[in-house]
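Just below is one structure, and these are the notes that go with it.
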Amino acid sequence: MAVSRDPNIVTRPPRLMRAIRKAMAGTESVQERLDDFVDAITEAMQVAVASIYLRRPSRELELSATRGLKKSAVHKTLMQPGEGLVGHVAQTARPLNLADAPSHPLFSYRPETGEEKYYSFLGVPILRGGRTLGVLVVQSEEQRNFNEEEVEDLLTVAMVLAEIIVDDERIGGQKGALKGITLAPTKPETHEGKAFADGLAEGIAHLHVPPVTPDNLLAENIATEEIRLEEGVAVLRASVDAMVSGEAASLSRASKEIYETYRMFAYDRKWVQRLREAVHSGLTAEAAVERVRNEHRARLMKSPDPYMRARLHDLEDLANRLLRALSGEILGPGNKDLPDGAVIFARDLGPAELLDYEQDKLAGIVLEEGAHSSHTSIICRAIGIPLIGRAEGVLDRIEMGDQVLLDGEAGEIHVRPVQSRIDGFRLRVSIRGEKAKAYEAIRGRPAVTKDGRHIALQLNAGLLVDLPHLDRESADGIGLFRTEFQFMVAEFMPRLKEQTELYKKALDAAGHRPVTFRTLDLGGDKILPYMDPLPEENPAIGWRAIRIGLDRPALLRYQCRALIAAGAHKHLRVMFPMVTTVDEFIEARALFDMEVKRALSLGKTLPKKIEVGVMLETPSLAWSVRAICDHADFVSVGANDLMQFFFAADRDNIRVADRYDPLHPASLSILRFIAEGCKNAGVPVSLCGEMAGRPLEAICLVALGFEALSMPVTGIGPVKAAILELDAEKLNRLITPLITIDSRVASVRQHVREFCMEEGIPI
Ligand code: PEP
Ligand code: MG
């Protein structure tokens, strides 16, 4: 398609667009605007009928405005999803263009509309955010197919229509005009998701990818928009090319392939052609991107082929990049004009994108996707802002600037809340603030129980942003340094030097306090962007962690090399994840020892002390606790994984993750078995799962005999406050009879809760 390059040549938008613009200029009610739209369409397209069907909450399609059909049918004629030609268009989210509609097998005759005399039919879906809001139809008496340009024009009108209705409803409150059809969210709503990072936040919704608004939907000058589009596409392609040819060139073949696929999309002729056509029909470049994206979403989401659905993510990503390029930003996300207290809403958000936002303006994050162990969740926990993920469909229900309450305790998002909810929420925020002050007051005190047990409270860490917490929280070191985080947030595989530098910084930040580095725990849900993901039926029990390390020892040895170099003159503690048998540990330790020998033979400075321990996170290793103690210098219980395997409940599957209480007698018995086994062997034992950071669980662990707990930063204050009031032996006496083999209780939680009330232990 030839593109006019001179913006001085004003290409006037097509007649239909001009008519639509006129209809938009009015300030009437929604219903009157719909009526204006159908009038404008019939006149500009010279058709006998134009009708708008909108989807009701019950999913039926209601004839909401018409010119040409009987007016008496408006708000009376209803079509079920899939019923008739209109229902078919809604269901397939594709245009339907027929010369002889009444003879089509799906034609459903509705006498009240008087449509039997119209032969040609063109229906297009009204799409917004991947949802089909309704159907726009034109009909005429003669038997003919509508041409491509007409189809294109009607698609454009449908897009404008969706935005207008939503916008009007938001600002105008034209109550009742559409008789119960609510397209734009205006009322208070609560959405549920999964709390991936704790915290309470009150803020203003900010969409990571700003939507097009009715103000910039229609092109003033098509030639200008065409040039903007071409320039935007060029910027997009250049950035994708840079990804392919840049550092990625030195990466593995697999990672190159991923970038190549990405480039293939950026250069996809059909995609760009669709964008050009949309601009040519009278849309701005931004609106064109949005329209083509909507079409892809609506189609791909319906595809039964998982590969096709996965492609949606790539296309979404490209569309976002293109929108950013059009707004003049080449790389960073839309962090311009970020309001104070911004709550970012996105489908998904990469760690680099998150860190691009001005942190002091961020109040929280809401994602439709995301995972507890994703790098974005990890960063949010580290910087202390709430993140709610897996909030399905929330993007369709939120607009820029909406007031939001983010409850990172319950995993709830309150949108446009009523005053009473705001008041209750603010009270909770202030109670939290009071608690935070109380934790601050005990910050310098060691965590010693009332009966004199000294408990080491350590941090779980993995990134540079975590390190300042060591001093801020007066933590007793880092009990779990998740080395894979550095790999997960990087765009390319970190080199030896980068690995060594990070480990050194962690050791320096800790000073005299211990840091326990865990070797790479990859696989399962922890996928690297630059590695070929191997599809597995059960990734959690698949080829992951030390299993990869032992089968492909080069990466593990390389990492051990970095750890040994970073630990020069220092105390180095290293442990291996997901060990299942004692032999695996022996093999892994031998690899580490080979690196020690290598460093020695090269005359490198060694750490002044080395301890090699094991993460105990599989039931099989729990039952081998005495045997593993013959070989490991210390044991760290990875309770997150141990519990998921013990209860056979995938920790990342929201349907089952919270089904079992770790305070079940069976799990407490195995934890006691491990603690006692280690103690009897004289091997130090700690626990580093999330449960260590929850006061009620933490005091149970202390009662069972654990003397070191490693946890997320937010746990240290509350856990210490509880420990300071705990008589560990007294709690032990309460728990012991409840967890014997004869126990019939489902959980000791309630008993411990009552104990805390009596003892004045804050939980
Ligand atoms: C665990 O499994 O308990 C653990 C601390 O490791 P991760 O959560 O990183 O798997
Ligand atoms: Mg684990």
Side-chain angles (χ1 to χ4, degrees), residues 195 197-200 381 384 386 407-411 424 427-443 445-460 473-476 637 639-640 643 658 660-665 667-668 671-672 675 686-739 745-763:
D198 178 51
L200 300 178
R381 291 196 287 271
D407 185 342
E409 289 175 359
L427 189 66
R428 284 177 58 207
V429 172
S430 81
I431 292 171
R432 246 179 112 101
E434 291 301 315
K435 279 191 181 167
K437 274 196 209 132
Y439 302 147
E440 217 171 293
I442 55 170
R443 199 157 280 168
R445 285 175 64 186
V448 183
T449 63
K450 286 205 297 201
D451 51 339
R453 287 199 211 169
H454 193 299
I455 312 298
L457 300 187
Q458 301 177 319
L459 271 186
N460 290 348
E473 297 294 323
S474 297
D476 300 314
V637 179
N640 301 337
M643 292 301 143
D658 298 330
Y660 304 95
D661 190 343
L663 299 187
H664 187 283
S667 42
L668 292 184
L671 289 170
R672 165 163 282 172
S686 62
L687 186 141
C688 63
E690 302 290 309
M691 69 185 286
R694 294 193 286 263
L696 194 125
E697 279 86 337
I699 57 169
C700 292
L701 293 167
V702 171
L704 294 179
F706 286 92
E707 291 185 351
L709 302 175
S710 191
M711 61 196 77
V713 59
T714 45
I716 299 227
V719 167
K720 190 190 282 182
I723 285 176
L724 290 175
E725 300 301 326
L726 172 70
D727 180 335
E729 191 39 46
K730 198 167 177 186
L731 179 58
N732 182 33
R733 285 199 298 274
L734 170 81
I735 292 178
T736 301
L738 295 172
I739 64 171
V745 300
S747 163
V748 306
R749 187 171 296 278
Q750 194 47 34
H751 302 81
V752 178
R753 199 171 272 148
E754 282 161 19
F755 172 84
C756 291
M757 299 270 273
E758 284 161 20
E759 298 280 311
I761 299 172
I763 46 167

On a heavy-atom basis, which atom in [X] and which in [Y] lie closest, and how many Å separate them?
{"X": "A197", "Y": "R381", "result": "CB-CG, 3.6 Å"}
{"X": "A721", "Y": "Y439", "result": "CB-CE2, 3.9 Å"}
{"X": "G408", "Y": "P386", "result": "CA-CB, 4.2 Å"}
{"X": "N640", "Y": "G689", "result": "OD1-CA, 3.4 Å"}
{"X": "A728", "Y": "A703", "result": "O-CB, 3.9 Å"}
{"X": "A692", "Y": "L701", "result": "CA-CD1, 4.1 Å"}

Is any side-chain heavy atom of [Y] closer than 4.5 Å to one of [X]?
{"X": "P718", "Y": "K435", "result": "no"}
{"X": "L457", "Y": "M711", "result": "yes"}
{"X": "V702", "Y": "L709", "result": "yes"}

Inset, instruction - Go through the structure and list residues passing salt bridge (charged side-chain N to carboxylate O under 4.0 Å, His left out) with D407, not counting sequence neighbours. - result: R428
Inset, instruction - Please list, chain by chain and in numerical order, all residues satisfying salt bridge (charged side-chain N to carboxylate O under 4.0 Å, His left out) with E440, sequence neighbours excluded. - result: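 Testing E440 for salt bridge (charged side-chain N to carboxylate O under 4.0 Å, His left out), a comparison that skips the adjacent residues, returns none.
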Among all residues two or more places apart in sequence or in another chain, which pass the side-chain hydrogen bond (donor to acceptor under 3.5 Å, both in side chains) test with [X]?
{"X": "R749", "result": "D661, E697"}
{"X": "E754", "result": "Q750"}
{"X": "R432", "result": "D198, E409"}
{"X": "T449", "result": "D451"}

Legend entry - Sequence neighbours excluded - side-chain hydrogen bond (donor to acceptor under 3.5 Å, both in side chains) pairs with any residue from residues 705-726: N460-S710
Legend entry - With A436 via side-chain contact (heavy atoms from CB on, under 4.5 Å) - residues at least two apart: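 In terms of side-chain contact (heavy atoms from CB on, under 4.5 Å), with neighbours along the sequence ignored, A436 is linked to no residue.
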Spatial distance of atom [atom1] ([X]) from atom [atom2] ([Y]) [nearest 0.5 Å]:
{"X": "H751", "Y": "L738", "atom1": "NE2", "atom2": "CG", "value": "5.0 Å"}
{"X": "F706", "Y": "R672", "atom1": "CZ", "atom2": "CZ", "value": "10.0 Å"}
{"X": "M691", "Y": "C700", "atom1": "CE", "atom2": "SG", "value": "7.5 Å"}

Hey, can you pull the donor-acceptor pairs under 3.5 Å for the side chains in residues 755-763, sequence neighbours left out?
{"from": "E759", "atom 1": "OE2", "to": "K730", "atom 2": "NZ", "distance (Å)": "2.7"}

Legend entry - Partner of I739 under side chain to side chain contact (heavy atoms under 4.5 Å, CB included), chosen from L663, L668, L671: L668
